[in-house]
Amino acid sequence: MPELPEVETTRRGIRKHVEKQTITKVIIRQSQLRWPIPTGLSKILSKQVIKSVSRRAKYLILSCDAGHVILHLGMSGSLRVLNANTPPEKHDHIDFIFTNGQCLRLRDPRRFGAVLFTKEEPTQHKLLKSLGPEPLSKYFSDHYLFEKSRKRQLTIKSFIMDSKIVVGVGNIYASEALFRAGIHPKRAAGKVTKEKYNLLTTAIKEVLKEAIQAGGTSLRDFTKSDGKPGYFRQSLNVYGKKGEPCPNCNKPITQSVIAQRSTYYCTQCQK
DNA sequence: TTAATCACCTGAGGGC
DNA sequence: TGCCCTCAGGTGATTA
């Protein structure tokens, strides 16, 4: 399931194959994703050169002179670069065909992903303009989180998963970062101390950096752009480890549901 | 304004 | 082996 490290891994994987390539056409097999793929996309992108592949939060942005393609991988999406003659398989919804005979292919079994197009600056698109800072940027700090959290009653886990606060912290990495920082996931965000936010900020940055270096976390659905799995799963301390001993104190890991999401934590180490 | 819940979708896995 | 049910999860929309 793609979170920020998986999206960044994908961006790095496809970038060298896609940048400076000229699109000949776009083949849409299934337009009903999270939102319908814009009609006329093939005509708009025909003969366009992809100038850059960038990322904002979990959105990938393919930029060309005509505008910007905004891609979201949703829950189960993956992008691969392969020969355009490779027969599509089930759930291969869209191909961007290039003049060099290659194509960029989106597969998304659960169809929670999205393919959108905008002529405006992508950061001003309605989906992107209200997003919080990138967690690995200098704008994401303990001071920022502390100030944003004052008087907030929601749980700290929901708080750090709110993309208006900070982008890219999904369910897996929220559990892992809170464990590293020693913060109970059900604690009210407004009750967390400045010192704990310092630990949490560091933990979020660390866990995301490590996951990017490992090529993401492969659970059920995620493979990298080369089709290989990511390896950060081997570094998870609590996620998916209900009943297993805590790596710090050996007390069994607890699972409960917070904001409709499975949450894993140690009641001994996280207060 | 804030917080909680719903809806979308399909594959995996468990129970029978 | 096959069927049925539950669970998983990102995020915008809706509701309270």
key: Partners meeting ring pair (Phe, Tyr, Trp, His ring centres under 6.0 Å) with A/Phe96 (sequence neighbours left out)   =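 Residues passing ring pair (Phe, Tyr, Trp, His ring centres under 6.0 Å) with A/Phe96: none at all.
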
key: Which residues share a ring pair (Phe, Tyr, Trp, His ring centres under 6.0 Å) with A/Phe179, sequence neighbours left out   =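 Applying ring pair (Phe, Tyr, Trp, His ring centres under 6.0 Å) to A/Phe179 gives none.
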
query = Is the aromatic ring centre of A/Phe112 closer than 5.5 Å to the centre of the six-membered base ring of C/dT11, with the two planes inclined by less than 30°?
reply =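 Aromatic stack with C/dT11 absent for A/Phe112.
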
ask   = For the helix from B/dT2-C/dA16 to B/dC16-C/dG2, what is the angle between the axes at its two ends, each from 5 pairs, rounded to 10°?
value =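 Here the local axes at opposite ends form an angle of 50°.
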
task = Respond yes when some side-chain nitrogen or oxygen of A/His91 is under 4.0 Å from OP1 or OP2 of B/dC9, and no when none is.
result =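 Checking A/His91 against B/dC9: no side-chain N or O falls below 4.0 Å of OP1 or OP2.
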
message = Can you tell me if A/Gln255 touches the phosphate of C/dA8, counting only side-chain N or O atoms and a distance under 4.0 Å to OP1 or OP2?
response =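 Yes, within the criterion.
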
Could you give the side-chain donor-acceptor pairs of residues 61-75 of chain A under 3.5 Å, partners two or more places apart or in another chain?
from: A/Ser63; atom 1: OG; to: A/His68; atom 2: ND1; distance (Å): 2.7
from: A/Asp65; atom 1: OD1; to: A/Lys51; atom 2: NZ; distance (Å): 2.7
from: A/Asp65; atom 1: OD2; to: A/Lys51; atom 2: NZ; distance (Å): 3.4
from: A/His72; atom 1: ND1; to: A/Gly74; atom 2: N; distance (Å): 2.8

ask   = Considering residues at least two apart in sequence or located in another chain, which fulfil the salt bridge (Lys or Arg N to Asp or Glu O under 4.0 Å) criterion with A/Glu19?
value =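 Residues passing salt bridge (Lys or Arg N to Asp or Glu O under 4.0 Å) with A/Glu19: A/Arg15.
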
message = Could you work out, with salt bridge (Lys or Arg N to Asp or Glu O under 4.0 Å) as the rule, every residue matching A/Arg111, not counting sequence neighbours?
response =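 By the salt bridge (Lys or Arg N to Asp or Glu O under 4.0 Å) rule, A/Arg111 matches no residue at all.
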
Check the interface with nucleotides 12-16 of chain C: list each N/O to N/O pair with the protein under 3.5 Å, or write none.
from: C/dG12; atom 1: OP1; to: A/Tyr59; atom 2: OH; distance (Å): 2.9
from: C/dG12; atom 1: O4'; to: A/Arg34; atom 2: NH2; distance (Å): 2.7

ask   = Which pairs count as ring-ring contact (aromatic ring centres under 6.0 Å, His included) when at least one residue sits in residues 100-126 of chain A, sequence neighbours excluded?
value =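 For residues 100-126 of chain A: none.
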
ask   = Which salt bridge (Lys or Arg N to Asp or Glu O under 4.0 Å) pairs, counting each pair once, include a residue from residues 30-46 of chain A, with sequence neighbours left out?
value =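 Listed once each, the pairs would be none.
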
task = Output every pair passing salt bridge (Lys or Arg N to Asp or Glu O under 4.0 Å) with a member in residues 23-33 of chain A, not counting sequence neighbours, ordered by first then second residue.
result =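 The answer is A/Arg29-A/Asp95.
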
What side-chain donor-acceptor pairs closer than 3.5 Å can you find for residues 152-159 of chain A, not counting sequence neighbours?
from: A/Thr155; atom 1: OG1; to: A/Ser158; atom 2: N; distance (Å): 3.2
from: A/Thr155; atom 1: OG1; to: A/Ser158; atom 2: OG; distance (Å): 3.1
from: A/Lys157; atom 1: NZ; to: A/Asn171; atom 2: OD1; distance (Å): 2.5
from: A/Lys157; atom 1: NZ; to: A/Thr263; atom 2: OG1; distance (Å): 2.9

key: Close approaches to DNA chain C from residues 114-123 of chain A, in residue order (heavy atom, under 4.0 Å)   =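 Output list: empty, so none.
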
query = More than 12 heavy atoms of other residues, nucleotides or ligands under 6.0 Å from NZ of A/Lys205: is that the case?
reply =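 Counting other residues, nucleotides and ligands, NZ of A/Lys205 exceeds 12 neighbours.
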
ask   = C/dA8 base to A/Arg110 side chain: any donor-acceptor pair below 3.5 Å?
value =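 Pair found.
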
